[in-house]
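Have a look at the structure below before the remarks.
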Amino acid sequence: MHDPAELYDLNEPLSEVPEGLNLVAGLTGFADAGSGVTQLGTYLLGTLDNEVVATFDTDILLDYRARRPIIYFDQDHLTDYQPASLKLYLAYDELRQPFLLLSGFEPDFQWERFTQAVLDLIDRLKVKSVTWVHSIPMPVPHTRPIGVTVSGNRTDLIDSMSIWKPHTQVPANALHLLEFRLQQLSYPIAGFILLIPHYLADTEYPAAAIAALDSISAATGLIFPTDRLRQEDREFVANIDEQVDQNAELGRLVGTLEERHDSYMEDNQLRSPLTDRDGELPSADEIAAELENFLAFRRHGDEENGPTAS
């Protein structure tokens, strides 16, 4: 195997990156139902402060003919070439907690070498844990909270959050291989598979991004601003509900899915850590309000403690 370190260029010395951080990963290119992974990367990088730590070599890892980059044709000339990218970032959550983010395209080639490169970076940076997300279409209704299947060796997360634990063969992606190697090393790893309504798989479903962020928060303790996403989700669901009301066949489909979902969940004793004592999921407004109260309390505490600390 060629040197895995040759697959990426460091944008800054690793010695300047804090050690012991959580690594969050989401790569696009396979089974991205509801555009959950795409939205996750776009939202985090567009919302949070971040800087590039390492840039992977697109020419080596990407099959351009399978996933052609976009270039803009402006009447008589070409402009705005947008190549795919795969990068490791140092990012900061809502509370300025630093974490590492691996985001971009899923490699088409050299999975073993790519995996070893990421493992080397994990080792050099003494990463605390790895959490990754992807999403698949499932026969579930949009009127119920998005469920997740959790893989890896974080038994606390598996026991408390994984609602579906199948025995099956699945087409692997690159992060599956990374998880498999980390498990062999007994390294803390959790993979979250978002179970997205199959009839919304080809849409940009805001709830998928929210579920991804909630899963990452449960695994890492990181806090993310989601007000805009939750507002977009309310508008999206209102539009879907209107279409369901106007289409009897779609209404029957959703009703059948609700019955099957509720029947399954009645037999599933799992209680998500995101639900209340009655098993109800807080509304988007309640979650947003809770976050605002928490941040307000923290800011108030910082103001009181600031002069004393100095």
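- Residues N239 and E235 have side chains that never bring a donor and an acceptor to within less than 3.5 angstrom of each other.
- Residues that satisfy the side-chain contact (heavy atoms from CB on, under 4.5 Å) test with P83, not counting sequence neighbours, are Y81.
- Contact detail for R230 and I210: the closest heavy-atom pair is NH1-CG2, 3.4 Å.
- Checked by atom type and distance alone, the side chain of D49 never pairs as donor or acceptor with a backbone atom of Y92 at under 3.5 Å.
- Side-chain contact check for L195 versus V148: every heavy-atom pair is 4.5 Å or farther apart.
- Between the side chains of T28 and E106, no donor-acceptor pair is found at a separation under 3.5 Å.
- Other residues, nucleotides and ligands place more than 12 heavy atoms under 6.0 Å from the CZ atom of R67.
- Open room surrounds CD on E249; 12 or fewer heavy atoms of other groups in view lie less than 6.0 Å from it.
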Take R181 and E112 through the salt bridge (charged side-chain N to carboxylate O under 4.0 Å, His left out) test and state the conclusion after the steps. CA-CA 10 Å; R181 297 294 183 226; E112 290 286 0; 2.9 Å; yes
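- Under a 4.0 Å N-O distance rule, the pair R113/D3 does not qualify as a salt bridge.
- In this structure, L44 and Y89 have side chains that are not in contact, with every pair of non-hydrogen atoms separated by 4.5 Å or more.
- Within a 6.0 Å radius of CZ in F180, no more than 12 heavy atoms belonging to other residues, nucleotides or ligands are found.
- Side-chain contact check for P107 versus L86: some heavy-atom pair is nearer than 4.5 Å.
- Residues D108 and Y64 are not in side-chain contact: their nearest non-hydrogen atoms beyond the backbone lie 4.5 Å or more apart.
- A donor and an acceptor atom, one from each side chain of N22 and S129, are located under 3.5 Å apart.
- In this structure, CG in D233 is found 9.5 Å from NE2 in H142, a value given to the nearest 0.5 Å.
- Few gaps surround CG on L78; more than 12 heavy atoms of other groups in view lie less than 6.0 Å from it.
- Here the shortest heavy-atom pairing between L62 and A84 reads CD2-CB, 3.7 Å.
- Side-chain contact between P225 and L48: present, with at least one pair of heavy atoms (C-beta onward) separated by less than 4.5 Å.
- For the residue pair D241 / Q243, no side-chain donor-acceptor distance below 3.5 Å is found, with atom types taken as modelled.
- At least one side-chain heavy atom of L182 sits under 4.5 Å from a side-chain heavy atom of V130.
- Under the ring pair (Phe, Tyr, Trp, His ring centres under 6.0 Å) criterion, the residue pairs touching residues 202-223 are Y205-F236, with sequence neighbours excluded.
- For the residue pair T38/D32, the side-chain donor-acceptor check at 3.5 Å is satisfied.
- Atoms CD and CG, from E12 and L90 in turn, are 6.5 Å apart once rounded to the nearest 0.5 Å.
- With T149 contributing its side chain and I193 its backbone, the two residues share no donor-acceptor pair below 3.5 Å.
- Looking at R228 and Q231, their side chains never bring a donor and an acceptor atom within 3.5 Å of each other.
- Residues I240 and L200 meet the side-chain proximity criterion, which asks for heavy atoms closer than 4.5 Å.
- A donor-acceptor contact closer than 3.5 angstrom links the side chains of T55 and N11.
- The minimum heavy-atom distance linking L213 with L40 is given by the pair CD2-CD1, 3.5 Å.
- Surrounding NE2 of H77 are more than 12 heavy atoms belonging to other residues, nucleotides or ligands, all under 6.0 Å away.
- Aromatic ring centres of W111 and H176 lie farther apart than the 6.0 Å criterion allows.
- Atom CD of E232 is separated from atom CD of E204 by 8.0 Å, given to the nearest 0.5 angstrom.
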